[in-house]
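One structure below.
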Amino acid sequence: MWQDIVQRLNTFLYVKPKQENLAPSKEEIINLRKKVSDTLFDVLSGNITVLEAVSKFPKNTVDESVNVCFHILVHLEADEDIRAKDALYREEQDDFILYIAELLQKGESIPINIINEYNVFYKEILVYPEINKKTVIARLKKFINI
């Protein structure tokens with residue numbers, strides 16, 4: 001009985017499941033970019049707050065353009081006090097976000113220099129993964145150094 005339990009546990013922890021092709025299609029990437037673009041437009045127009053946008057941001061995305069938009073929103077929230085004091089800074093930041101939103105609305109990617117600029121400051125993706133069996137196991141393995 002114990003051997004069966006140990007065997008199942010070893011299989012569960014140490015045997016990697018077959019990787020499915022989870023790469024999103026071009027159409028899915030474009031739709032995701034448009035959704036993020038709509039979020040950026042909503043933030044700029046004041047329909048939603050930055051915190052609402054961050055909390056509803058798509059999770060587990062592989063598109064760097066989308067990940068950068070999360071960083072842009074975090075940066076926007078962090079600069080709220082500067083934006084309140086400096087109208088020119090606020091206007092330039094809004095213009096930049098508008099430019100990014102327009103690119104994504106067309107389904108285009110953000111220029112690589114902008115992506116690289118944000119990746120310098122944010123080494124890891126800040127978007128938390130969805131909580132499911134796979135992510136819980138990965139976190140447990142990391143916690144116990146497996």
Side-chain angles (χ1 to χ4, degrees), residues 6 8-146:
V6 170
R8 286 184 184 182
L9 186 59
N10 281 335
T11 303
F12 183 70
L13 290 175
Y14 297 110
V15 176
K16 293 183 179 179
K18 293 179 181 176
Q19 293 289 337
E20 300 174 20
N21 185 8
L22 299 177
S25 68
K26 184 72 173 166
E27 183 177 296
E28 290 172 329
I29 289 173
I30 290 172
N31 288 338
L32 182 61
R33 287 177 181 174
K34 288 182 179 183
K35 180 181 175 183
V36 170
S37 171
D38 291 340
T39 301
L40 292 176
F41 284 133
D42 284 343
V43 167
L44 287 175
S45 65
N47 292 336
I48 62 172
T49 65
V50 175
L51 293 177
E52 288 174 318
V54 168
S55 68
K56 295 177 183 178
F57 206 82
K59 298 186 183 344
N60 294 340
T61 178
V62 296
D63 186 10
E64 287 192 7
S65 292
V66 171
N67 292 336
V68 165
C69 289
F70 184 83
H71 300 314
I72 289 170
L73 288 171
V74 169
H75 188 90
L76 180 66
E77 181 63 23
D79 285 351
E80 193 59 39
D81 57 336
I82 298 170
R83 291 171 54 85
K85 295 176 186 174
D86 189 346
L88 182 60
Y89 182 83
R90 181 179 61 245
E91 184 179 330
E92 287 180 13
Q93 196 173 37
D94 287 348
D95 288 345
F96 173 73
I97 295 170
L98 183 61
Y99 166 71
I100 296 297
E102 288 171 347
L103 282 177
L104 294 177
Q105 192 64 40
K106 296 176 200 171
E108 297 176 11
S109 63
I110 295 174
I112 193 69
N113 64 322
I114 294 173
I115 291 173
N116 289 339
E117 191 174 313
Y118 275 92
N119 285 341
V120 166
F121 295 105
Y122 302 105
K123 303 276 187 230
E124 296 180 13
I125 298 174
L126 295 177
V127 182
Y128 293 113
E130 292 181 32
I131 302 301
N132 56 32
K133 179 181 172 183
K134 181 180 172 184
T135 57
V136 169
I137 292 170
R139 287 180 182 183
L140 284 173
K141 284 181 179 181
K142 187 175 182 179
F143 179 72
I144 58 176
N145 292 325
I146 295 180

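- Going from atom CG of L104 over to atom CD1 of I30 covers 11.0 Å, rounded to the nearest 0.5 Å.
- Between E117 and N113, every side-chain heavy-atom pair lies at or beyond the 4.5 Å cut-off.
- When side chains are defined from C-beta on, I110 counts as touching C69, because their heavy atoms get closer than 4.5 Å.
- Side-chain contact check for I115 versus S65: some heavy-atom pair is nearer than 4.5 Å.
- Residues V50 and L73 come closest through the heavy atom pair CG1-O, 3.2 Å.
- More than 12 heavy atoms of other shown residues, nucleotides or ligands fall within 6.0 angstrom of atom CD in E80.
- Smallest separation of non-hydrogen atoms from A101 and S37: O-OG, 2.6 Å.
- Counting heavy atoms from C-beta outward, I100 and I114 have side chains that approach closer than 4.5 Å.
- Contact annotation: the side chain of Q93 approaches that of D79 to within less than 4.5 Å [non-hydrogen atoms, C-beta and beyond].
- No side-chain heavy atom of V43 sits less than 4.5 Å from a side-chain heavy atom of T49.
- Taking 4.5 Å as the limit, every side-chain heavy atom of V36 sits out of range of all side-chain heavy atoms of F70.
- Taking 4.5 Å as the limit, every side-chain heavy atom of Y99 sits out of range of all side-chain heavy atoms of D95.
- Atom-to-atom distance recorded for I48:CD1 and L40:CG is 8.5 Å, nearest 0.5 angstrom.
- For the atom pair CD (E92) and CG (D94), the distance works out to 10.5 Å, reported to the nearest 0.5 Å.
- How far CG of L76 is from CZ of R83: 5.0 Å, rounded to the nearest 0.5 Å.
- For residues 31-49, the set of pairs meeting the salt bridge (Lys or Arg N to Asp or Glu O under 4.0 Å) definition, not counting sequence neighbours, comprises R33-D63.
- The line from CD of Q105 to CG of L98 is 11.0 Å long, rounded to the nearest 0.5 Å.
- Here CD1 of I72 is found 4.5 Å from OH of Y118. Values are rounded to the nearest 0.5 Å.
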